[in-house]
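A short write-up of the structure that comes next.
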Amino acid sequence: MLYLVGTPIGNMGDISPRAVEVLSSADVILCEDTRVTGLLLSDLGISGKKLISYHEHNKASRADMALDLLGQDINVVQVSDAGMPVISDPGEDLVRIAADAGFEVTCIPGPTAAMTAAALSGIDARYIHFEGFLPSTGAARKDRIDKLCGIEDTIVLYEAPHRIQKLCEELCDAGLGGRKAAFCRELTKKFEEVVRATVAEVKDHFDQKPPKGEFVVVIEGASGDRSDGTVMDLGKEEELKDFLLSQDLPVKSVAKALSIVTGRSKNDIYKDLIQ
Ligand code: SAM
């Protein structure tokens, strides 16, 4: 049988007894990085297992090998470095190929960062669009972000820490600054933290305190966004700005008010106002 086994996303206490049992009795364990899985097994006191790397670049040849092993009645386990195999991680092809060849496939579920974040976000979790990783740069990235604007369901995506500030900026540029969001970092770990605010406010937050650690980003979908993703008409924004300034309000308050209605970053508006 082929077993997919979910492993902790940061807290070893989250490994399930069934995961330990299956890992202990596995004949062969396919893993992304044999060093990472080696450490997991040693933490669990499991030794003497055959670890074989399985990743994007060798998945075709490794799938042939797995079929061969399954054909000899050898139990094969597949794990990723952390969390659920297949979810923004390798394994999908293996499941399909093994199932198509008539082998039994089962899953010992474990934590996944996406659903942990969705649960913690405080944002509507009835309908969820799981985006995974956006393309890292270029037109493909911009195109995906533009598509996200129209998605009605709550959006859950993974992003590398060094791109979190860039992402906030891109989301604001795409008109999503006013959406509710939860930026969830280091889930299940010592420095777990959830920043719940609008995207524009989160951008301000990270401009002051640069992000560190692993992140899942949860963003309110278009149906939960009263402005429906549309950017305020520029003429109206100018009119509102002139009105607010004529009321002798502090510039910071004007920036905050404009940020709420336009979804743009408060800091960026403030900088424009004092120029
Ligand atoms: N398969 C994994 C799962 O089930 O969650 C996801 C693997 S994906 C390659 C790794 C990404 O998941 C990280 O870049 C980060 O965005 C997110 N992630 C994983 N662990 C996390 C954690 N403890 N806290 C926040 N995000 C995490």
Side-chain angles (χ1 to χ4, degrees), residues 1-120 128 130-133 156-158 160 184 186-190 192 213-216:
M1 171 150 5
L2 171 65
Y3 296 85
L4 301 186
V5 174
T7 58
I9 55 169
N11 188 323
M12 275 301 288
D14 295 334
I15 188 96
S16 76
R18 209 152 74 92
V20 176
E21 191 185 309
V22 170
L23 289 167
S24 303
S25 58
D27 296 311
V28 170
I29 302 176
L30 296 179
C31 45
E32 275 187 275
D33 184 332
T34 53
R35 287 161 304 179
V36 173
T37 302
L39 282 176
L40 173 79
L41 295 181
S42 114
D43 269 3
L44 296 172
I46 300 171
S47 56
K49 296 293 160 191
K50 189 166 174 54
L51 302 183
I52 297 176
S53 71
Y54 175 82
H55 46 68
E56 271 314 300
H57 308 292
N58 66 8
K59 62 185 187 184
S61 61
R62 291 295 200 244
D64 289 344
M65 191 196 71
L67 284 188
D68 212 45
L69 294 168
L70 290 167
Q72 298 170 54
D73 268 346
I74 291 175
N75 281 330
V76 178
V77 169
Q78 198 242 326
V79 294
S80 54
D81 282 351
M84 284 297 293
V86 181
I87 308 302
S88 293
D89 264 336
E92 183 185 313
D93 305 60
L94 191 60
V95 170
R96 190 172 41 247
I97 291 166
D100 285 353
F103 294 107
E104 270 190 88
V105 184
T106 191
C107 179
I108 287 67
T112 183
M115 289 302 130
T116 308
L120 271 180
I128 291 178
F130 176 57
E131 177 73 15
F133 287 102
V156 178
L157 60 88
Y158 290 154
C184 309
E186 297 288 275
L187 293 165
T188 77
K189 302 186 202 175
K190 187 171 174 194
E192 175 177 293
E214 293 196 285
F215 274 89
V216 182

Open item on the list: Can you confirm whether more than 12 heavy atoms, excluding those of Asp64, are under 6.0 Å from its CG atom?
Closed with: yes
Identify all side-chain donor-acceptor contacts of residues 9-27 below 3.5 Å with residues at least two apart in sequence or on another chain.
residue : atom : partner : partner atom : Å
Asn11   : OD1  : Gly13   : N            : 2.8
Asn11   : ND2  : Thr188  : O            : 3.3
Ser16   : OG   : Ala19   : N            : 3.0
Ser24   : OG   : Val20   : O            : 2.6
Ser25   : OG   : Glu21   : O            : 3.0
Ser25   : OG   : Val22   : O            : 3.4
Asp27   : OD2  : Asn75   : N            : 2.8

TODO: Could you tell me which residues satisfy side-chain hydrogen bond (donor to acceptor under 3.5 Å, both in side chains) with Glu32, sequence neighbours excluded, listed by chain and number?
DONE: none
TODO: Begin with the C-alpha distance, continue with both residues' side-chain angles, and end with the deciding distance and a verdict on side chain to side chain contact (heavy atoms under 4.5 Å, CB included) for Leu41 and Ile29.
DONE: CA-CA 11 Å; Leu41 295 181; Ile29 302 176; 3.9 Å; yes
- [ ] First locate atom CG of Leu69, then atom CZ of Arg62, and finally report the distance between them rounded to the nearest 0.5 Å.
- [x] 10.5 Å
Task: Distance (rounded to the nearest 0.5 Å) between Leu67 CG and Leu2 CG - done: 9.5 Å
What closest approach, in Å, do [X] and [Y] show between heavy atoms, and which atom pair accounts for it?
{"X": "Thr116", "Y": "Thr112", "result": "OG1-O, 2.7 Å"}
{"X": "Ala114", "Y": "Val216", "result": "CA-CG1, 4.2 Å"}
{"X": "Ser53", "Y": "Thr34", "result": "N-CG2, 3.9 Å"}

TODO: Tell me, please, which residues at least two apart from Tyr54 pass ring pair (Phe, Tyr, Trp, His ring centres under 6.0 Å).
DONE: none
Task: Candidate list His57, Glu56, His55, test side chain to side chain donor-acceptor pair (under 3.5 Å), partner Lys59, passing option - done: Glu56
Please table the atom pairs, donor to acceptor, closer than 3.5 Å between any side-chain atom in residues 93-107 and protein atoms at least two apart or in another chain.
none

Residues 81-92 side chain polar contacts: donor-acceptor under 3.5 Å, at least two apart:
residue : atom : partner : partner atom : Å
Asp81   : OD1  : Asp33   : N            : 3.3
Asp89   : OD2  : Ser80   : OG           : 3.2

Open item on the list: side chain to side chain contact (heavy atoms under 4.5 Å, CB included), that's the test. Do Glu192 and Leu120 meet it? Break it down for me.
Closed with: CA-CA 11 Å; Glu192 175 177 293; Leu120 271 180; 4.0 Å; yes
Open item on the list: I'd like to check the salt bridge (Lys or Arg N to Asp or Glu O under 4.0 Å) partners of Lys50; sequence neighbours left out, ordered by chain and number.
Closed with: none
